[in-house]
Amino acid sequence: MAAPGKLASFRLPPFPTVSELIKLYKLRATKQLSQNFLLDLRLTDKLVRQAGNLTNAHVCEVGPGPGGLTRSILNAGATDLLVVEKDSRFIPGLKLLSEAAPGRLRIVNGDILTYRMDRRFPASICQPWEADPPNLHIIGNLPFSVSTPLIIRWLENMANRTGPFAYGRTQLTLTFQKEVAERLTASTKSRQRSRLSIMAQYLCTVHHRFTIPGKAFVPKPEVDVGVVHFTPLVQPLIQQPFKLVEKVVRNVFQFRRKYCYKGIGMLFPDACRDALTEELMCKADVDPTLRPTELTIPHVKVLADVYADMCARDPLLLGYEFREELRLKRLAKQRGTELDDEEKESTTEGS
(Lines give C-alpha, C1' and ligand atoms only; values in the text may rest on other atoms or scores of the structure.)
Protein backbone atom coordinates (compact mmCIF):
# COMPACT_ATOMS: atom_id res chain seq x y z
CA MET A 1 0.00 0.00 0.00
CA ALA A 2 1.36 3.40 -0.94
CA ALA A 3 2.32 5.88 1.78
CA PRO A 4 -0.63 8.13 2.74
CA GLY A 5 1.19 11.32 1.82
CA LYS A 6 1.71 10.15 -1.74
CA LEU A 7 -1.83 9.07 -2.52
CA ALA A 8 -3.17 12.54 -3.23
CA SER A 9 -0.77 12.98 -6.14
CA PHE A 10 -1.05 9.40 -7.36
CA ARG A 11 -1.70 8.87 -11.06
CA LEU A 12 -1.89 5.51 -12.78
CA PRO A 13 1.16 4.76 -14.94
CA PRO A 14 0.93 4.74 -18.75
CA PHE A 15 -1.70 2.16 -19.47
CA PRO A 16 -4.12 1.08 -22.23
CA THR A 17 -7.09 3.41 -22.47
CA VAL A 18 -10.54 2.13 -21.56
CA SER A 19 -11.40 2.03 -25.27
CA GLU A 20 -8.27 0.00 -25.97
CA LEU A 21 -9.15 -2.45 -23.17
CA ILE A 22 -12.62 -2.89 -24.64
CA LYS A 23 -11.05 -3.74 -28.01
CA LEU A 24 -8.33 -5.92 -26.42
CA TYR A 25 -10.83 -8.12 -24.58
CA LYS A 26 -13.52 -7.81 -27.28
CA LEU A 27 -16.00 -6.40 -24.78
CA ARG A 28 -19.48 -5.29 -25.71
CA ALA A 29 -22.21 -3.89 -23.51
CA THR A 30 -24.86 -6.51 -22.71
CA LYS A 31 -28.40 -5.26 -23.21
CA GLN A 32 -29.80 -7.78 -20.68
CA LEU A 33 -27.57 -6.23 -17.97
CA SER A 34 -28.44 -2.63 -19.00
CA GLN A 35 -24.75 -1.86 -19.51
CA ASN A 36 -23.68 1.58 -20.72
CA PHE A 37 -20.00 2.47 -20.47
CA LEU A 38 -18.78 5.94 -19.46
CA LEU A 39 -15.44 6.29 -21.23
CA ASP A 40 -14.74 10.03 -20.96
CA LEU A 41 -12.29 10.36 -18.06
CA ARG A 42 -13.15 14.05 -17.65
CA LEU A 43 -16.72 12.99 -16.83
CA THR A 44 -15.66 10.12 -14.57
CA ASP A 45 -13.33 12.52 -12.72
CA LYS A 46 -16.22 14.98 -12.33
CA LEU A 47 -18.51 12.23 -11.05
CA VAL A 48 -15.93 11.11 -8.47
CA ARG A 49 -15.46 14.69 -7.24
CA GLN A 50 -19.14 14.68 -6.18
CA ALA A 51 -18.27 12.10 -3.51
CA GLY A 52 -15.98 14.59 -1.76
CA ASN A 53 -12.38 14.14 -0.66
CA LEU A 54 -11.31 10.54 -1.31
CA THR A 55 -7.74 10.88 -0.06
CA ASN A 56 -6.99 7.71 1.95
CA ALA A 57 -10.66 6.72 1.71
CA HIS A 58 -12.22 3.28 1.51
CA VAL A 59 -14.52 2.96 -1.52
CA CYS A 60 -16.87 0.36 -2.94
CA GLU A 61 -17.56 0.76 -6.63
CA VAL A 62 -20.63 -0.94 -8.05
CA GLY A 63 -20.39 -2.39 -11.54
CA PRO A 64 -17.01 -1.03 -12.67
CA GLY A 65 -17.27 -2.61 -16.12
CA PRO A 66 -14.16 -1.75 -18.18
CA GLY A 67 -12.80 0.43 -15.35
CA GLY A 68 -13.17 4.06 -16.44
CA LEU A 69 -14.69 5.19 -13.13
CA THR A 70 -12.28 2.86 -11.30
CA ARG A 71 -9.31 4.82 -12.66
CA SER A 72 -10.80 8.12 -11.53
CA ILE A 73 -11.40 6.76 -8.00
CA LEU A 74 -7.81 5.52 -7.75
CA ASN A 75 -6.46 8.80 -9.09
CA ALA A 76 -8.56 10.67 -6.50
CA GLY A 77 -6.46 9.04 -3.76
CA ALA A 78 -8.58 6.15 -2.46
CA THR A 79 -6.38 3.88 -0.38
CA ASP A 80 -8.70 0.85 -0.60
CA LEU A 81 -11.05 0.30 -3.53
CA LEU A 82 -13.37 -2.72 -3.60
CA VAL A 83 -15.09 -3.28 -6.95
CA VAL A 84 -18.06 -5.61 -7.31
CA GLU A 85 -18.65 -6.73 -10.90
CA LYS A 86 -21.24 -9.31 -11.94
CA ASP A 87 -19.99 -9.74 -15.54
CA SER A 88 -16.89 -11.94 -15.52
CA ARG A 89 -15.78 -10.61 -18.93
CA PHE A 90 -14.48 -7.46 -17.23
CA ILE A 91 -12.37 -9.20 -14.59
CA PRO A 92 -9.13 -9.52 -16.70
CA GLY A 93 -9.09 -5.78 -17.45
CA LEU A 94 -9.74 -4.94 -13.80
CA LYS A 95 -6.85 -7.20 -12.80
CA LEU A 96 -4.56 -5.11 -15.02
CA LEU A 97 -5.69 -2.03 -13.10
CA SER A 98 -5.01 -3.87 -9.84
CA GLU A 99 -1.45 -4.59 -10.94
CA ALA A 100 -0.96 -0.91 -11.75
CA ALA A 101 -2.14 0.10 -8.25
CA PRO A 102 -0.75 -2.71 -6.04
CA GLY A 103 -2.49 -3.24 -2.72
CA ARG A 104 -5.24 -0.72 -3.44
CA LEU A 105 -7.75 -2.52 -5.65
CA ARG A 106 -9.76 -5.59 -4.60
CA ILE A 107 -11.96 -7.33 -7.17
CA VAL A 108 -15.11 -9.33 -6.48
CA ASN A 109 -16.93 -11.19 -9.24
CA GLY A 110 -20.42 -11.09 -7.73
CA ASP A 111 -23.90 -9.56 -7.65
CA ILE A 112 -24.18 -6.34 -5.62
CA LEU A 113 -27.84 -7.17 -4.87
CA THR A 114 -26.73 -10.10 -2.70
CA TYR A 115 -23.20 -9.07 -1.74
CA ARG A 116 -22.46 -8.65 2.01
CA MET A 117 -20.53 -5.40 2.06
CA ASP A 118 -20.65 -5.13 5.85
CA ARG A 119 -17.91 -7.78 6.12
CA ARG A 120 -15.39 -6.38 3.66
CA PHE A 121 -14.00 -3.23 5.30
CA PRO A 122 -11.97 -2.89 8.53
CA ALA A 123 -13.87 -2.27 11.76
CA SER A 124 -11.47 0.57 12.51
CA ILE A 125 -13.28 2.86 10.05
CA CYS A 126 -16.61 2.59 11.94
CA GLN A 127 -18.10 5.83 13.20
CA PRO A 128 -20.98 6.31 15.68
CA TRP A 129 -24.19 7.09 13.81
CA GLU A 130 -24.41 10.52 15.44
CA ALA A 131 -20.83 11.40 14.38
CA ASP A 132 -19.51 12.48 10.99
CA PRO A 133 -19.80 9.91 8.17
CA PRO A 134 -17.05 7.27 8.03
CA ASN A 135 -14.28 7.53 5.45
CA LEU A 136 -16.19 5.03 3.32
CA HIS A 137 -17.99 5.81 0.08
CA ILE A 138 -20.16 3.89 -2.36
CA ILE A 139 -19.79 5.06 -5.94
CA GLY A 140 -21.26 3.57 -9.08
CA ASN A 141 -22.47 4.00 -12.62
CA LEU A 142 -25.48 1.76 -12.00
CA PRO A 143 -27.11 -0.38 -14.69
CA PHE A 144 -30.64 0.95 -15.20
CA SER A 145 -32.17 -2.48 -14.50
CA VAL A 146 -30.88 -2.64 -10.90
CA SER A 147 -30.75 1.03 -9.89
CA THR A 148 -34.22 1.28 -8.30
CA PRO A 149 -34.28 -2.09 -6.45
CA LEU A 150 -30.71 -1.45 -5.30
CA ILE A 151 -31.37 2.01 -3.84
CA ILE A 152 -34.52 0.69 -2.10
CA ARG A 153 -32.41 -2.09 -0.57
CA TRP A 154 -29.76 0.38 0.57
CA LEU A 155 -32.41 2.69 2.01
CA GLU A 156 -33.69 -0.25 4.06
CA ASN A 157 -30.10 -0.99 5.15
CA MET A 158 -29.81 2.68 6.09
CA ALA A 159 -32.96 2.56 8.21
CA ASN A 160 -31.72 -0.61 9.97
CA ARG A 161 -28.05 0.48 10.08
CA THR A 162 -26.97 -2.72 8.38
CA GLY A 163 -24.95 -3.56 5.27
CA PRO A 164 -22.73 -0.63 4.23
CA PHE A 165 -24.32 1.44 7.02
CA ALA A 166 -23.00 -0.82 9.74
CA TYR A 167 -19.92 1.43 9.53
CA GLY A 168 -21.93 4.60 10.13
CA ARG A 169 -23.59 7.12 7.82
CA THR A 170 -21.86 5.93 4.65
CA GLN A 171 -22.32 8.31 1.71
CA LEU A 172 -23.38 7.25 -1.78
CA THR A 173 -22.71 8.82 -5.18
CA LEU A 174 -24.66 6.99 -7.89
CA THR A 175 -26.02 7.37 -11.40
CA PHE A 176 -29.66 6.90 -12.37
CA GLN A 177 -31.79 7.55 -15.40
CA LYS A 178 -32.48 11.28 -15.34
CA GLU A 179 -36.18 10.68 -14.62
CA VAL A 180 -35.33 8.49 -11.59
CA ALA A 181 -32.81 11.08 -10.36
CA GLU A 182 -35.54 13.74 -10.57
CA ARG A 183 -37.95 11.52 -8.63
CA LEU A 184 -35.40 10.94 -5.87
CA THR A 185 -34.97 14.68 -5.37
CA ALA A 186 -38.49 15.92 -6.23
CA SER A 187 -40.09 18.41 -3.83
CA THR A 188 -43.72 18.42 -2.65
CA LYS A 189 -46.24 19.25 -5.42
CA SER A 190 -43.67 18.46 -8.13
CA ARG A 191 -45.10 16.24 -10.82
CA GLN A 192 -42.03 13.99 -10.32
CA ARG A 193 -42.94 13.48 -6.63
CA SER A 194 -43.19 9.72 -6.05
CA ARG A 195 -42.68 6.84 -3.66
CA LEU A 196 -38.92 7.15 -4.23
CA SER A 197 -39.00 10.84 -3.25
CA ILE A 198 -40.51 10.10 0.18
CA MET A 199 -38.47 6.98 0.90
CA ALA A 200 -35.14 8.66 0.08
CA GLN A 201 -35.84 12.04 1.67
CA TYR A 202 -37.12 10.78 5.01
CA LEU A 203 -33.83 8.92 5.52
CA CYS A 204 -31.19 11.16 3.99
CA THR A 205 -30.30 14.41 2.29
CA VAL A 206 -30.43 13.89 -1.46
CA HIS A 207 -28.85 16.12 -4.10
CA HIS A 208 -29.00 15.84 -7.88
CA ARG A 209 -25.46 16.98 -8.67
CA PHE A 210 -25.40 17.15 -12.47
CA THR A 211 -26.70 15.47 -15.62
CA ILE A 212 -24.60 13.45 -18.05
CA PRO A 213 -25.93 13.48 -21.63
CA GLY A 214 -26.78 10.06 -23.03
CA LYS A 215 -24.36 10.61 -25.92
CA ALA A 216 -21.45 10.40 -23.44
CA PHE A 217 -22.12 6.68 -22.92
CA VAL A 218 -21.28 3.69 -25.10
CA PRO A 219 -23.68 2.43 -26.31
CA LYS A 220 -25.77 5.59 -26.16
CA PRO A 221 -28.91 5.11 -24.01
CA GLU A 222 -32.18 6.72 -25.02
CA VAL A 223 -32.14 8.91 -21.89
CA ASP A 224 -29.77 11.24 -20.06
CA VAL A 225 -28.26 10.21 -16.73
CA GLY A 226 -28.35 12.02 -13.38
CA VAL A 227 -25.63 11.85 -10.72
CA VAL A 228 -27.17 11.76 -7.23
CA HIS A 229 -25.44 12.11 -3.85
CA PHE A 230 -26.93 10.69 -0.63
CA THR A 231 -25.94 11.40 3.00
CA PRO A 232 -27.92 9.53 5.70
CA LEU A 233 -29.61 11.71 8.31
CA VAL A 234 -28.64 11.35 11.96
CA GLN A 235 -32.36 11.00 12.80
CA PRO A 236 -34.85 9.73 10.16
CA LEU A 237 -37.77 12.09 9.70
CA ILE A 238 -40.17 9.18 10.31
CA GLN A 239 -39.54 7.00 13.36
CA GLN A 240 -41.24 3.80 12.20
CA PRO A 241 -39.93 0.49 10.77
CA PHE A 242 -38.86 0.80 7.14
CA LYS A 243 -41.29 -1.83 5.85
CA LEU A 244 -44.25 -0.11 7.52
CA VAL A 245 -43.32 3.27 6.03
CA GLU A 246 -42.71 1.70 2.63
CA LYS A 247 -46.13 0.01 2.73
CA VAL A 248 -47.93 3.25 3.57
CA VAL A 249 -46.09 5.20 0.86
CA ARG A 250 -46.48 2.46 -1.74
CA ASN A 251 -50.25 2.33 -1.19
CA VAL A 252 -50.63 6.11 -1.22
CA PHE A 253 -48.97 6.30 -4.64
CA GLN A 254 -51.03 3.44 -6.10
CA PHE A 255 -53.44 6.14 -7.26
CA ARG A 256 -51.24 9.19 -7.72
CA ARG A 257 -53.89 11.15 -9.65
CA LYS A 258 -56.65 10.54 -7.09
CA TYR A 259 -57.19 11.89 -3.60
CA CYS A 260 -54.80 10.38 -1.07
CA TYR A 261 -57.54 8.66 0.96
CA LYS A 262 -58.10 6.30 -2.00
CA GLY A 263 -54.61 4.82 -1.64
CA ILE A 264 -54.75 4.90 2.15
CA GLY A 265 -57.89 2.78 1.95
CA MET A 266 -55.89 -0.01 0.32
CA LEU A 267 -54.16 -0.58 3.66
CA PHE A 268 -57.37 -2.17 4.96
CA PRO A 269 -59.53 -5.20 4.08
CA ASP A 270 -62.55 -4.48 1.92
CA ALA A 271 -65.04 -5.41 4.65
CA CYS A 272 -63.87 -2.61 6.98
CA ARG A 273 -62.09 -0.34 4.52
CA ASP A 274 -64.29 2.74 4.72
CA ALA A 275 -64.50 2.83 8.51
CA LEU A 276 -60.76 2.28 9.09
CA THR A 277 -59.76 4.74 6.37
CA GLU A 278 -61.92 7.42 7.97
CA GLU A 279 -60.45 6.61 11.39
CA LEU A 280 -56.87 6.88 10.12
CA MET A 281 -57.43 10.14 8.24
CA CYS A 282 -59.25 11.73 11.20
CA LYS A 283 -56.66 10.73 13.78
CA ALA A 284 -53.82 11.84 11.50
CA ASP A 285 -55.67 15.11 10.77
CA VAL A 286 -54.61 14.98 7.12
CA ASP A 287 -56.85 16.45 4.42
CA PRO A 288 -58.19 13.37 2.56
CA THR A 289 -58.53 15.39 -0.66
CA LEU A 290 -54.80 16.06 -0.96
CA ARG A 291 -53.18 14.37 -3.95
CA PRO A 292 -50.28 11.99 -3.19
CA THR A 293 -47.81 14.45 -4.71
CA GLU A 294 -49.04 17.12 -2.26
CA LEU A 295 -48.22 15.08 0.84
CA THR A 296 -45.23 16.37 2.79
CA ILE A 297 -42.98 14.11 4.83
CA PRO A 298 -44.66 15.39 8.06
CA HIS A 299 -47.99 14.26 6.52
CA VAL A 300 -46.55 10.81 5.81
CA LYS A 301 -45.02 10.68 9.29
CA VAL A 302 -48.35 11.17 11.06
CA LEU A 303 -50.10 8.74 8.69
CA ALA A 304 -47.44 6.11 9.42
CA ASP A 305 -47.65 6.77 13.18
CA VAL A 306 -51.42 6.32 13.27
CA TYR A 307 -51.26 3.25 11.03
CA ALA A 308 -48.61 1.75 13.36
CA ASP A 309 -50.97 2.28 16.32
CA MET A 310 -53.79 0.57 14.41
CA CYS A 311 -51.49 -2.37 13.56
CA ALA A 312 -50.53 -2.67 17.24
CA ARG A 313 -54.24 -2.94 18.03
CA ASP A 314 -54.83 -5.48 15.24
CA PRO A 315 -51.54 -7.20 14.23
CA LEU A 316 -53.17 -8.83 11.19
CA LEU A 317 -53.39 -5.42 9.50
CA LEU A 318 -49.65 -5.17 8.91
CA GLY A 319 -49.60 -8.34 6.83
CA TYR A 320 -52.68 -7.42 4.81
CA GLU A 321 -52.15 -6.78 1.08
CA PHE A 322 -55.14 -5.68 -0.99
CA ARG A 323 -53.78 -7.28 -4.17
CA GLU A 324 -53.72 -10.65 -2.45
CA GLU A 325 -57.35 -10.16 -1.36
CA LEU A 326 -58.29 -9.34 -4.95
CA ARG A 327 -56.45 -12.43 -6.20
CA LEU A 328 -58.29 -14.69 -3.75
CA LYS A 329 -61.64 -13.18 -4.68
CA ARG A 330 -60.99 -13.74 -8.38
CA LEU A 331 -59.90 -17.29 -7.67
CA ALA A 332 -63.04 -17.96 -5.63
CA LYS A 333 -65.19 -16.46 -8.37
CA GLN A 334 -63.45 -18.59 -10.99
CA ARG A 335 -63.99 -21.74 -8.92
CA GLY A 336 -67.64 -20.79 -8.40
CA THR A 337 -68.11 -20.41 -12.15
CA GLU A 338 -66.48 -23.80 -12.78
CA LEU A 339 -68.76 -25.45 -10.20
CA ASP A 340 -71.81 -23.85 -11.82
CA ASP A 341 -70.71 -25.16 -15.22
CA GLU A 342 -70.22 -28.66 -13.77
CA GLU A 343 -73.68 -28.58 -12.22
CA LYS A 344 -75.24 -27.51 -15.52
CA GLU A 345 -73.43 -30.33 -17.35
CA SER A 346 -74.55 -32.96 -14.83
CA THR A 347 -78.13 -31.69 -15.01
CA THR A 348 -78.06 -31.89 -18.82
CA GLU A 349 -76.62 -35.40 -18.81
CA GLY A 350 -79.17 -36.56 -16.20
CA SER A 351 -82.07 -35.34 -18.28
Side-chain angles (χ1 to χ4, degrees), residues 148-149 151-153 155-156 159-160 180 183 186 188-203 236-347:
T148 298
I151 193 58
I152 288 291
R153 174 165 299 193
L155 289 170
E156 183 170 6
N160 298 328
V180 177
R183 288 177 186 170
T188 308
K189 297 185 179 180
S190 164
R191 66 186 199 63
Q192 293 286 9
R193 188 75 162 174
S194 69
R195 174 180 70 118
L196 275 179
S197 315
I198 303 288
M199 298 307 295
Q201 293 170 30
Y202 99 84
L203 286 165
L237 300 180
I238 303 173
Q239 299 288 326
Q240 293 295 343
F242 179 87
K243 289 189 180 299
L244 184 145
V245 178
E246 196 275 335
K247 183 182 180 184
V248 170
V249 175
R250 171 167 39 90
N251 279 277
V252 165
F253 279 92
Q254 289 280 346
F255 308 102
R256 60 180 295 116
R257 296 183 185 279
K258 298 184 180 295
Y259 295 143
C260 67
Y261 79 86
K262 177 72 172 177
I264 289 294
M266 298 299 105
L267 292 169
F268 306 112
D270 186 48
C272 53
R273 180 165 296 153
D274 291 345
L276 293 182
T277 301
E278 183 177 0
E279 178 185 343
L280 192 156
M281 300 305 295
C282 287
K283 287 183 176 179
D285 194 24
V286 172
D287 182 352
T289 64
L290 289 175
R291 308 287 181 181
T293 55
E294 296 176 308
L295 292 176
T296 64
I297 289 181
H299 283 142
V300 178
K301 176 187 182 302
V302 72
L303 289 169
D305 288 344
V306 174
Y307 179 63
D309 289 342
M310 297 172 77
C311 289
R313 186 180 71 200
D314 180 1
L316 293 178
L317 280 180
L318 189 58
Y320 170 77
E321 291 291 344
F322 82 93
R323 291 186 184 279
E324 179 63 11
E325 183 180 24
L326 281 177
R327 187 186 72 81
L328 293 174
K329 283 183 176 179
R330 288 172 185 150
L331 188 59
K333 185 177 181 181
Q334 181 181 348
R335 286 176 177 170
T337 302
E338 290 173 355
L339 288 173
D340 288 344
D341 290 343
E342 289 175 5
E343 288 178 3
K344 289 178 182 178
E345 288 179 9
S346 62
T347 301

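Computed over heavy atoms, backbone and side chain alike; hydrogens, waters and symmetry mates excluded.
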task = Begin with the C-alpha distance, continue with both residues' side-chain angles, and end with the deciding distance and a verdict on side-chain contact (heavy atoms from CB on, under 4.5 Å) for I264 and N251.
result = CA-CA 6 Å; I264 289 294; N251 279 277; over 6 Å; no
ask   = Run the side-chain contact (heavy atoms from CB on, under 4.5 Å) check on T293 and R191 step by step: do they pass?
value = CA-CA 7 Å; T293 55; R191 66 186 199 63; over 6 Å; no
request  = Could you walk me through whether F242 and L203 pass side-chain contact (heavy atoms from CB on, under 4.5 Å), step by step?
outcome  = CA-CA 10 Å; F242 179 87; L203 286 165; 4.0 Å; yes
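Pairs engaging residues 292-304 under the salt bridge (charged side-chain N to carboxylate O under 4.0 Å, His left out) rule: K301-D305 [sequence neighbours left out]. Among residues at least two apart or in separate chains, side chain to side chain donor-acceptor pair (under 3.5 Å) pairs with a member in residues 260-271 are D270-K329.
To the nearest 0.5 Å, the span separating CZ on F322 from CZ on R273 amounts to 7.5 Å. Note that CE of M266 and CZ of R250 are 13.0 Å apart. Values are rounded to the nearest 0.5 Å. For the atom pair L318 CG and K247 NZ, the distance stands at 5.5 Å (nearest 0.5 Å). For the atom pair CG (L196) and CG (L155), the distance works out to 8.0 Å, reported to the nearest 0.5 Å. Note that SG of C311 is 8.0 Å distant from CG of D314, once rounded to the nearest 0.5 Å. Within the model, atoms CZ of R323 and CG of L328 stand 14.0 Å from one another, a figure rounded to the nearest 0.5 Å.
A heavy-atom distance below 4.5 Å is found between the side chains of L295 and V286. A 4.5 Å side-chain heavy-atom check between M310 and F268 finds at least one atom pair inside the cut-off.
Here the closest non-hydrogen pair linking L317 and P269 is CD2-CD, 3.9 Å. Nearest heavy-atom pair, I297 versus Y202, reported as atom, atom and distance to 0.1 Å: CD1-N, 3.7 Å. Listed here is the closest heavy atom pair of F253 and I198: CE1-CG1, 4.1 Å. Among all heavy-atom pairs drawn from L303 and A284, the shortest one is CD2-CB, 3.8 Å. Scanning both residues, K258 and P292, for their nearest heavy atoms gives O-CD, 3.1 Å. When every heavy atom of Y259 is checked against every heavy atom of T289, the shortest pair comes out as CD2-O, 3.0 Å.
Summarising the local packing, CG of D274 is surrounded by 12 or fewer heavy atoms from other residues, nucleotides or ligands at distances under 6.0 Å. The local environment of CD in E321 is crowded, with over 12 non-hydrogen atoms from other residues, nucleotides or ligands closer than 6.0 Å.
For the pair R256 (side chain) and R193 (backbone), a donor-acceptor distance under 3.5 Å is present. Judged by distance alone, with hydrogens and angles left aside, the side-chain atoms of R183 form no donor-acceptor pair with the main-chain N or O of Q192 at under 3.5 Å.
Judged as a salt bridge (charged side-chain N to carboxylate O under 4.0 Å, His left out), and not counting sequence neighbours, the contacts of R195 are E246.
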